[in-house]
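Encoded as structure tokens, the structure appears first; notes follow it.
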Amino acid sequence: MTIVLNHRMTEYPGERLTVAELLRAMNFTFPLIVIKVNGRLVRREEYAEALVRDGDQVEAIHLISGG
Amino acid sequence: MAIDMPISEIRLRLASRRVGIAGCGGLGSNCAVALARSGVGTLVVVDFDTVSEENLNRQYFFREHIGRKKVAALVDVIRRIDPRVKVEGHEVRLDPRQVLRIFAGCEVIVEAFDRADMKQMIAETVLAGLPDAWLVIGSGLAGFGANAALHTRRTGRLFICGDEELEVSDAHPPLAPRVGIVAAMQANQVLEILLDESRLPAE
């Protein structure tokens, strides 16, 4: 499947992934992140169930300490 | 593209606006002062912390404020700059319930926490619970140099300002210039939202 991740076309094997699987596939080890799929917020509690499918727009925003 | 607008119209438009500032440290104190100087009518500022000597390397406070609550110190600073600006101070530690209660009615909320878990908390709370509000986050401002790495990007009603990369650590402390740049980028983004939402850059 092809998704648009942070405005870049990105390929992943399979028809769909959960957000948790996608984060692992992206090697996103950042503990603190905000995920939006097609403009909708996906909360941390939903990562294991929320699905990402072919053509979806995914935004991953890393939250970096400091202020 | 820069928007044409004389100072008289800018001040007229900003005088009736209300902006929330979540955290009054390096980002929050500098951002609040920039917005006050620009003429934003009401600032809702929130923090639980006290000014300490180490804060003075980047936060908009003075030696006389050491030991005082940051909210009270910021109210004092802004009053001395422009007493027409109404500053609503809340000395609380923000949680999702308080975010929804205190910032309801703010058109724009500036995230100005230092801890990444608090940044995540307010992002999730505002995106889910205050769908009409704009949120401007600061993420990645540690160390010095690397001007060109600092940027602003948009996703929906969320703006992210910073390098989105460098965590604060012993090797990368927060310093006045880079913290101040990101705070000013946040304030600049707030003005763009408040003054001409119809011409904001696309996502």
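Quantities reported herein were computed from a predicted structural model and do not represent experimental measurements.
Applying a 4.5 Å heavy-atom cutoff, the residues of residues 25-60 of chain B that approach chain A are B:G26, B:L27, B:R58.
Across B:A183, B:A128, B:P174, the residue that shares the most heavy-atom pairs under 4.5 angstrom with chain A is B:A128. Interface remark: of the candidates B:V179, B:L141, B:D163, B:L141 forms the most heavy-atom pairs closer than 4.5 Å to chain A. Between chain A and the options B:K119, B:E124, B:R178, heavy-atom pairs under 4.5 Å are most frequent for B:E124.
Contact check on B:R80 versus B:E64 returns a salt bridge, with a Lys/Arg side-chain nitrogen under 4.0 Å from an Asp/Glu carboxylate oxygen. Look at B:R79 and B:D76 and you find a salt bridge, because one of the NZ, NE, NH1 or NH2 atoms lies within 4.0 Å of a carboxylate O, short of that distance.
In this structure a side-chain-to-backbone donor-acceptor pair under 3.5 Å is present from A:T10 to A:R8. With B:R18 contributing its side chain and B:E107 its backbone, the two residues share no donor-acceptor pair below 3.5 Å.
Only the backbone of B:L166 comes within contact range of chain A, with at least one heavy atom under 4.5 Å from a heavy atom of that chain. Looking at A:I61, the atoms closer than 4.5 Å to chain B (heavy atoms on both sides) sit in the backbone and in the side chain alike. Looking at B:A142, there are no atoms closer than 4.5 Å to chain A (heavy atoms on both sides), in backbone or side chain.
In terms of heavy atoms, B:Q189 sits closest to B:T152 at OE1-CG2, 3.5 Å. When all heavy atoms are compared, the tightest approach of B:D132 to B:R157 is O-NH2, 2.8 Å.
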